[in-house]
Amino acid sequence: MTFEQLNLINPILKALQEEGYTSPTPIQEQSIPIVLNGKDLLGCAQTGTGKTAAFSIPILQKLYKSEKNKGIKALVLTPTRELAIQIDDSFKAYGRFTGIHHTVIFGGVPQKPQTDTLRRGVDILIATPGRLLDLINQGFISLKTLEFFVLDEADRMLDMGFIHDIKRILPMLPKKRQTLFFSATMPPEIAKLANTILFQPEKVEVAPVSSTVDAIEQSVYFVDKNGKKDLLRFLLKDPKIESVLVFTRTKHGADKLAKLLEKDGIEAAAIHGNKSQNARQRALTSFKDHTLRVLIATDIAARGIDVDQLSHVINYELPNVPETYVHRIGRTGRAGHEGVAIAFCESEELPYLKDIQKLIGIKIPVVENHPFISSEVTSAIEEKKVVMKVQAKENKAYRGSKSNGDFWRRQKTTQNKDKK
Ligand code: AMP
């Protein structure tokens with residue numbers, strides 16, 4: 001299946017090509033036609049399956065083809081600031097040739113830049129529930145013109161206590177609208193919520209992303225925040241690390257790290273959204289042809305990076321969304337190559353490690369014999385401040401139905417064939 005076969009318009013096809021996507025993921029293959037057809041959708045899928053594109057692509061296409069009226073036409077509600085930013089970045093990437101305006105709002109930051117953008121007019125709004133209600137109550141946002149409503153990560157909304165906010169937002173939405181509802185799991189309360197807001201929905205389900213990680217050799221190093229750079233330098237002395245993608249949480253962190261390594265004579269480049277297209281492309285090209293050994297990236301910048309024989313992935317900082325970990329490490333160990341994924345974990349990141357282990361169903365082996373081991377982390381574990389138990393799945397990576405893992409494998413094989 002190709003994106004062309006999904007009847008996508010040229011501005012979107014062009015953007016997907018630039019992203020380096022060659023074919024739709026299973027959730028995209030199933031969802032895009034349903035949304036283009038105007039039907040409501042109930043999607044059982046988690047982050048890492050390509051679900052963001054599964055809803056953002058058809059929304060962009062429908063808005064591109066519709067009359068250009070004023071007002072917000074699509075609202076995407078999502079539980080966390082990180083997810084909100086990721087979704088906004090996806091709209092930016094896939095919609096870059098459509099001229100459709102989008103913005104993202106979330107709490108914990110001043111509202112002025114957000115309200116300024118809203119005043120200039122946006123077609124698509126991505127929001128976390130609290131800030132959305134806040135700005136509605138202050139009269140900055142009206143949802144009367146809405147045509148599309150996406151509720152993302154509904155089960156996590158419930159876990160995080162956002163369900164009341166959502167119930168307050170729902171009556172403000174026009175009755176006539178298209179609704180897309182995504183959740184990784186379907187506990188009864190979520191199923192009930194889905195029933196009340198969807199109209200004769202089509203159902204789509206894909207396997208958890210955790211099924212893709214079985215081939216990768218994983219380990220975790222407990223290290224203090226300040227010891228991470230030394231640990232990285234130390235590990236990079238190992239020639240077995242032929243090419244390594246190092247993930248940091250922030251653009252600033254990526255830059256800082258690249259400069260530090262350069263100072264030590266280790267050639268490294270950082271890529272992220274603030275870099276010019278040329279600089280990014282240069283770094284990527286030399287990384288792909290193996291003249292550059294160390295590439296430091298943020299999650300967003302790493303999208304679409306596809307490197308043959310990437311031997312190692314290092315999580316310099318652990319992501320707070322566990323699926324992101326799976327997606328990061330999935331960049332190694334592809335197409336039959338052996339992959340190694342190393343995680344650095346400081347004491348504040350222990351809860352993230354716990355979530356990751358819960359998702360993948362294995363306890364990641366701890367490397368203890370290294371010079372930068374953190375007594376703070378080990379004692380935090382010993383003192384049982386953090387319970388690191390993994391729900392026993394026979395210490396084996398969880399294997400769901402293979403459909404999603406198969407996609408990424410197939411994807412790689414096709415790309416290799418294309419290159420030949
Ligand atoms: P999501 O589940 O939406 O968070 O997407 C997971 C990751 O897959 C993101 O980094 C996307 O950029 C990437 N992705 C989504 N769709 C495709 C595709 N069709 N081909 C290759 N990568 C994709």
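Positions are given from 1 along the sequence. Note that ligands are numbered from 1 as they come in the structure, with each ligand's atoms numbered from 1 the same way.
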Subject >> Proximity of Glu19 to ligand 1 by residue part, where a heavy atom lies under 4.0 Å >> reply: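 For Glu19, no heavy atom sits under 4.0 Å from ligand 1.
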Original post:
Does ligand 1 have an atom that lies less than 4.0 angstrom from a heavy atom of Ala93?
Top reply: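 The answer is no, since Ala93 has no heavy atom less than 4.0 Å from ligand 1.
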Subject >> Residue that, paired with Leu60, satisfies side-chain contact (heavy atoms from CB on, under 4.5 Å) out of Ile100, Leu8, Ile9 >> reply: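 Filter result, single survivor: Ile100.
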Side chains of [X] and [Y]: donor-acceptor distance under 3.5 Å anywhere?
{"X": "Thr117", "Y": "Arg119", "result": "no"}
{"X": "Tyr221", "Y": "Glu346", "result": "no"}
{"X": "Asp123", "Y": "His102", "result": "no"}

Original post:
Got more than 12 heavy atoms from elsewhere within 6.0 Å of NZ, Lys92?
Top reply: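 Check fails, neighbour count at 12 or below.
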**OP:** Within a distance under 4.0 Å of any heavy atom of Thr52, pick out the atoms of ligand 1 and give their elements.
**Re:**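 Counting from 1, the qualifying ligand atoms are 1 (P), 3 (O), 4 (O).
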Original post:
What are the atoms of ligand 1, with element, lying closer than 4.0 Å to any heavy atom of Ser23?
Top reply: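 Taking each heavy atom of Ser23 in turn, ligand 1 has 18 (C), 19 (N), 20 (N) under 4.0 Å.
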Subject >> Heavy-atom nearest neighbour of atom 5 (O) of ligand 1 within options Gly50, Gly20, Pro24 >> reply: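 Looking at heavy atoms only, the winner is Gly50.
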**OP:** With atom 21 (C) of ligand 1 as the reference point, say which of Phe3, Tyr94, Phe55, Tyr21 has the nearest heavy atom.
**Re:**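 When every heavy atom of Phe3, Tyr94, Phe55, Tyr21 is considered, Tyr21 comes closest to atom 21 (C) of ligand 1.
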